[in-house]
Number of protein chains: 2
Amino acid sequence: MTARDRVAKDGRPTINDIARMAGVSKKTVSRVINESLFVKEDTREAIQSIIRETGYVPDPQARGLAFRHSFLVGLIYDNPNAQHTIDHQQGLLEAMAGTGFELVVRRVDRTSPTLVEDMRAFIERQKLFGVVLPSPVSEEERLVDLLKELDRRYVRISSTPLDQADRMVVSHDGQGAAQAAHHLAGLGHTRIALISGQQGRRSSSVRMQGFEEGLAEHGLALDPALVRRGAYTYESGVQAARELLAMEPRPTAIFCLNDEMAAGAYLAARERGLVVGADISIVGFDDAPIAARLWPTMTSVRLPLRQMGRIAGEMLTPSALREAPATPREIVPELIVRNSTAAVS
Amino acid sequence: MTARDRVAKDGRPTINDIARMAGVSKKTVSRVINESLFVKEDTREAIQSIIRETGYVPDPQARGLAFRHSFLVGLIYDNPNAQHTIDHQQGLLEAMAGTGFELVVRRVDRTSPTLVEDMRAFIERQKLFGVVLPSPVSEEERLVDLLKELDRRYVRISSTPLDQADRMVVSHDGQGAAQAAHHLAGLGHTRIALISGQQGRRSSSVRMQGFEEGLAEHGLALDPALVRRGAYTYESGVQAARELLAMEPRPTAIFCLNDEMAAGAYLAARERGLVVGADISIVGFDDAPIAARLWPTMTSVRLPLRQMGRIAGEMLTPSALREAPATPREIVPELIVRNSTAAVS
DNA sequence: CTGAAAGCGCTTACAG
DNA sequence: CTGAAAGCGCTTACAG
């Protein structure tokens, strides 16, 4: 008869089963589960081996009730880009695998007047252990204030440091944009246009500033007349690029602050009979799957979204709680050069 | 002094607070929460109004512990296509909003030898209320058997009925594929090629069969020599299309069983100097965002993934539990005609 | 280092 | 129609 057979036949063993089998109180088993230091070595080992044999795993619901917090981590997102969310999610799940924590997802509308109270209800009701805020939700200070008020752990993912280092995953989008500037300047471009994201979006201002700084290193400046505001959507990219390509003289390159808008710029170029990668150079940002599927393939700044999610997950995970003070988790996006850019003719 | 002020200052009201304020036992409050019929109308109303005033919401963790199941619904997915997962997720979240249930996501590897035991641990440990299985995980009978053994509610999303109607969301991919056949036949195509998904994938065989049936209505048959096996990936589409376009005589149309492979076919066509939508017609399946962003825009069979997710969520939701016997939840995908298809010249 | 008691916030039997 | 007791599977004080 194995240990497993000795527990109630209609379910998994509980802390009481383990205690009985080990001949100790449930409290001592609890101490072992929670890695208390005040357990005699022999006792601990005996209990651990029984736990192993029986396959006992403490009930997260019961633990949560007693602990007054659950073992759920919330991913609160508001980004229409499927790839962004799925990649972050994937990285988070990788980091959380085997930790006993689970990922609860929640899509929100940042502009909703009830955002904060909805999130308050969600976080309190589920007694979330922690929360991950990807961009652009990470820019909502109202949410961060709420998290502080409720004393919840959180990690913000953003293109610029918005918070103390142990609460941030930073992708230095500015440095990625600067690489795009070096690339275009190196190809001899001087009439360079830019299509931005919405006003107020941190990623947009950070990328634009980084691009300008990159250009400055080559003695170039961004001509305000060649800057159009987009909205990170395909349609806005089409529209902005149409305007830019109608100008005289025409810009020879366009840096689009995300791939969706860059894809829109491809269409605008085609409408005018311009060959992308010859008559006009286009650079995107994200390196989403579409970048490699368009023709010609698109030069783009790669954002390692999955890796960023993984880091966020590790930062929220309990093992990380015990580690040395968190070092800044920072990432520098890398320019992927493909065929949408070429030397000025 | 409002009702809200009367509860413990350091947190949300509990069932005990409500009971005290209503002058009844907690059991009676519990009956109201769970919509028992055995509560006097007056009592019920009094309690309900106090619940409303205080903003009381029962603790899902405590309820779960007593009920022996949580209020978590699991989304178990294994589809590299981000859009598929995010759309299903979005629909599920819409359906679950306000129900008190939360969505826990879990990415699995269908080919993992530990798949079933991993899922058993997940489902048992979290005491999931229900599970959603999107394609192709929905085709894993081992998982379905496990769900039955554990007596868990579940909904399978698939392109063909695999289970009883109240456990299925069916998209009749065959009928969508037939529309593609009618479209191409109507344009005069007769040398029509097809790139399939992996062997064993239900969606692939269903779409292929539907396509053949559609062709048959026009007196056409699919030439086995013009059928290539792909793997639902961009690269496999490129490869298969290269082979097909090298044939003499060349097919005049290619039906790709998903958009990713169709995007690959675009590249293969370009490599040969063929103009998509003129020299060669290409039809995809999914109508993913990329279909409208490629040039020329792609004709594709639209799969309403979000709607399918919403239906699945409604089927798992408790309100649905009380409704009349579930009618089959079935969907017919719709062909979206764009510019990648044209009459044979 | 270890345990008996009480409690986390609910529900299930069982009475009445 | 309503309630007092016991219990879901854990942990937090509090003792020893």
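We name chains A, B, ... by the order of the sequence lines, and we start the count at 1 in each one. Below, each value reflects all heavy atoms present in this structure, side chains not excepted, and no hydrogens, waters or symmetry copies.
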In 5'-to-3' order, the base (B), backbone-only (S) or no-contact (-) status of each nucleotide in nucleotides 11-16 of chain D, using a 4.0 angstrom heavy-atom cut-off, is BB----
When A/Asp87 is tested against each of A/His84, A/Gln83, A/Gln90 for side chain to side chain donor-acceptor pair (under 3.5 Å), which residue passes?
A/Gln83
Write down the distance between CG (A/Leu37) and P (C/dT2), rounded to a whole number of angstrom.
13 Å
Please state whether the rings of B/Phe129 and B/Phe101 are parallel, tilted or perpendicular, taking 30° and 60° as the class boundaries.
tilted
Quiz item: cation-pi between B/Arg106 and B/Phe122, 6.0 Å / 45°:
yes
Quick one: do B/Glu141 and B/Lys148 satisfy salt bridge (Lys or Arg N to Asp or Glu O under 4.0 Å)? Show the steps, please.
CA-CA 10 Å; B/Glu141 293 299 336; B/Lys148 286 177 177 155; 5.6 Å; no
Assign the ring pair B/His69 / B/Phe67 to parallel, tilted or perpendicular, where the plane angle (0 to 90°) is split at 30° and 60°.
parallel
Provide, to the nearest angstrom, the distance between the CZ atom belonging to B/Phe71 and the P atom belonging to C/dG9.
16 Å
Nearest-nucleotide check on DNA chain D, A/Leu65 vs B/Gly23; residue mapping nearer the 5' end is B/Gly23
Report the distance from atom CG of A/Asp17 to atom P of D/dC8, rounded to the nearest whole Å.
11 Å
Let me know the distance between NZ of B/Lys127 and C1' of D/dC10, rounded to the nearest Å.
10 Å
Round to the nearest Å and state the distance from B/Asn16 atom CG to C/dG7 atom C1'.
11 Å
Taking only side-chain nitrogens and oxygens of B/Thr43, does any of them come within less than 4.0 Å of OP1 or OP2 of D/dT2?
yes
Reckon B/Ser25 has a side-chain N or O less than 4.0 Å from the OP1 or OP2 of D/dG3?
yes
Separation of C/dG9 atom P from A/Arg125 atom CZ, nearest Å, is 15 Å
Rounded at 0.5 Å granularity, tell me how far OG in B/Ser25 sits from CZ in B/Arg20.
13.5 Å
Tell me which nucleotide, if any, is Watson-Crick or G-U wobble paired with D/dT2 when both distances must be under 3.5 Å.
C/dA15
Would you mind reading off the distance between B/Ile18 atom CD1 and D/dG3 atom P, rounded to a whole angstrom?
15 Å
Is there a donor in the side chain of A/Ser158 and an acceptor in the side chain of A/Thr160, or the other way round, less than 3.5 Å apart?
no
Taking the side chain of B/Thr28 as its heavy atoms from C-beta onward, which of D/dG3, C/dG9, D/dC10 lies nearest to it?
D/dG3
Taken to the nearest whole Å, NE2/B/His69 to P/D/dG9 is 15 Å
